[in-house]
Enquirer: 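Dropping the structure in here first, questions after.
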Amino acid sequence: MDDMENLLRFFTELRQELDHLTRLQQQKIEAVRAHDLEVLNGCMKQEQAVSLALRGLEQKREKLLEALGLSGVPLLELDRHCPPKYRGEVAQATDKVRKQYALLRSAQEAARTVVEKDLRAVNQELERRGLRSESDDSYQTPSSSPLRGMGADFRA
């Protein structure tokens with residue numbers, strides 16, 4: 001199998017991992033709404049496993065692009081640098097990855113909003129019961145995506 005076919009298979013693997021992570025976000029939302037900490041904890045463990053898989057895929061991507069002489073080429077421009085035989089397939093594969101990444105970002109934002117809302121409700125109830133101290137108010141909203149810094153270029 002040649003390197004271009006490996007690259008196409010890589011995009012399928014990446015999209016599947018991003019899809020898995022997207023589905024986990026929905027499960028997290030459902031777990032928070034149901035106040036099911038066991039399911040929420042399971043989702044978080046699965047997220048960690050997917051994160052490790054994504055790191056492995058990032059290393060694979062770097063090696064594939066290097067072997068193809070495409071290091072540093074953004075995802076959006078990748079098809080233009082591929083042999084004509086593969087341009088359509090690469091364009092379609094990268095488009096699917098970018099769309100799945102956009103879905104993931106939206107799902108992550110929704111999950112974060114639901115979790116933060118639920119945490120505020122818990123804190124208010126603890127305050128109402130006199131069980132919350134000033135030192136418990138240390139949670140801050142993360143300012144960046146957990147995928148930031150992985151080196152993948154999903155910008156359009």
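Note that the coordinates shown come from a computational prediction; the quantities given were computed from them, not determined experimentally. Just the heavy atoms: all of them, side chains too, but no hydrogens, waters or symmetry mates, feed the values below.
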Enquirer: Decide yes or no for Leu37 and Asn41: does some side-chain heavy atom of the first lie under 4.5 Å from some side-chain heavy atom of the second?
Expert: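 Result no, sub-4.5 Å side-chain heavy-atom pair not found.
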Enquirer: Which value, rounded to the nearest 0.5 Å, describes the distance between Asp3 atom CG and Glu66 atom CD?
Expert: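 Here the interatomic distance stands at 11.0 Å.
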Enquirer: Could you tell me whether the side chain of Met4 reaches within less than 4.5 Å of the side chain of Val90, counting heavy atoms only?
Expert: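 Yes - at least one pair of side-chain heavy atoms lies under 4.5 Å apart.
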Enquirer: Is there a path of hydrophobic side-chain contacts, each under 4.5 Å between heavy atoms of I, L, V, M, F, W or Y residues, that connects Leu103 with Phe11?
Expert: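 No; tracing contacts between hydrophobic side chains, which count when under 4.5 Å, never links both residues.
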Enquirer: Just verifying a value: how many Å separate Leu40 CG and His35 NE2, rounded to the nearest 0.5 Å?
Expert: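 If I round to the nearest 0.5 Å, the distance is 11.5 Å.
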Enquirer: What residues form a salt bridge (Lys or Arg N to Asp or Glu O under 4.0 Å) with Arg33, not counting sequence neighbours?
Expert: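 In terms of salt bridge (Lys or Arg N to Asp or Glu O under 4.0 Å), with neighbours along the sequence ignored, Arg33 is linked to no residue.
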Enquirer: Any chance you could measure Leu104, atom CG, to Glu17, atom CD, to the nearest 0.5 Å?
Expert: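 Reported to 0.5 Å precision, the distance equals 11.5 Å.
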Enquirer: Using 0.5 Å steps for rounding, measure from the CD atom of Gln26 to the SG atom of Cys43.
Expert: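 Spacing of CD (Gln26) from SG (Cys43) equals 10.0 Å.
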Enquirer: Would you check if Phe10 and Arg61 make a side-chain contact, meaning some heavy-atom pair closer than 4.5 Å?
Expert: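 Yes, close enough: below the 4.5 Å cut-off.
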Enquirer: Name all residues meeting the side-chain hydrogen bond (donor to acceptor under 3.5 Å, both in side chains) criterion together with Glu47; count only those two or more places apart in sequence or in a different chain, and write none if there are none.
Expert: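 Only Gln25, Lys28 meet the side-chain hydrogen bond (donor to acceptor under 3.5 Å, both in side chains) criterion with Glu47.
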Enquirer: Roughly how far, to the nearest 0.5 Å, is CG of Leu57 from CG of Leu52?
Expert: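 Interatomic distance, Leu52 CG to Leu57 CG, rounded to 0.5 Å: 11.0 Å.
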Enquirer: When the side chains of residues 69-89 are checked against the rest of the protein, which donor-acceptor pairs come out under 3.5 Å, sequence neighbours left out?
Expert:
| from | atom 1 | to | atom 2 | distance (Å) |
| --- | --- | --- | --- | --- |
| Tyr86 | OH | Asp2 | OD2 | 2.9 |
| Arg87 | NE | Cys82 | O | 2.9 |
| Arg87 | NH2 | Cys82 | O | 3.3 |

Enquirer: Under the salt bridge (Lys or Arg N to Asp or Glu O under 4.0 Å) rule, what do Arg15 and Asp19 come out as? Steps first, then yes or no, please.
Expert: CA-CA 6 Å; Arg15 189 178 44 78; Asp19 178 61; over 6 Å; no
Enquirer: Salt bridge or not for Arg55 and Glu58, using N-O below 4.0 Å?
Expert: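 No, Arg55 and Glu58 are not salt-bridged.
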Enquirer: Run the side-chain hydrogen bond (donor to acceptor under 3.5 Å, both in side chains) test against Glu109 and tell me which residues pass, sequence neighbours left out.
Expert: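 With neighbours one apart ignored, the set is Arg112.
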Enquirer: Could I get the full list of salt bridge (Lys or Arg N to Asp or Glu O under 4.0 Å) partners for Lys60, not counting sequence neighbours?
Expert: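 Glu13.
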Enquirer: Quick one: do Val97 and Gln100 satisfy side-chain contact (heavy atoms from CB on, under 4.5 Å)? Show the steps, please.
Expert: CA-CA 5 Å; Val97 167; Gln100 186 60 53; 5.8 Å; no
Enquirer: Taking the basic N atoms (NZ, or NE/NH1/NH2) and the acidic carboxylate oxygens, is any pair closer than 4.0 Å for Arg129 and Glu125?
Expert: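 Between Glu125 and Arg129 there is a salt bridge, with a charged N closer than 4.0 Å to a carboxylate O.
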Enquirer: Could you work out, with side-chain hydrogen bond (donor to acceptor under 3.5 Å, both in side chains) as the rule, every residue matching Lys99, not counting sequence neighbours?
Expert: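 Scan of Lys99 (side-chain hydrogen bond (donor to acceptor under 3.5 Å, both in side chains), adjacent residues dropped) gives Asp95.
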Enquirer: side-chain contact (heavy atoms from CB on, under 4.5 Å), that's the test. Do Leu65 and Leu7 meet it? Break it down for me.
Expert: CA-CA 8 Å; Leu65 291 180; Leu7 182 64; 4.1 Å; yes
Enquirer: Give me the atom names and distance for the closest heavy-atom approach of Ala107 to Ile29.
Expert: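 Nearest pair, atom of Ala107 first, then Ile29: O-CD1, 4.5 Å.
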Enquirer: I'd like to know if Val39 and Val50 are part of one continuous hydrophobic network [Ile/Leu/Val/Met/Phe/Trp/Tyr, side-chain heavy atoms within less than 4.5 Å].
Expert: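 Per the 4.5 Å side-chain linkage, Val50 and Val39 are not co-clustered.
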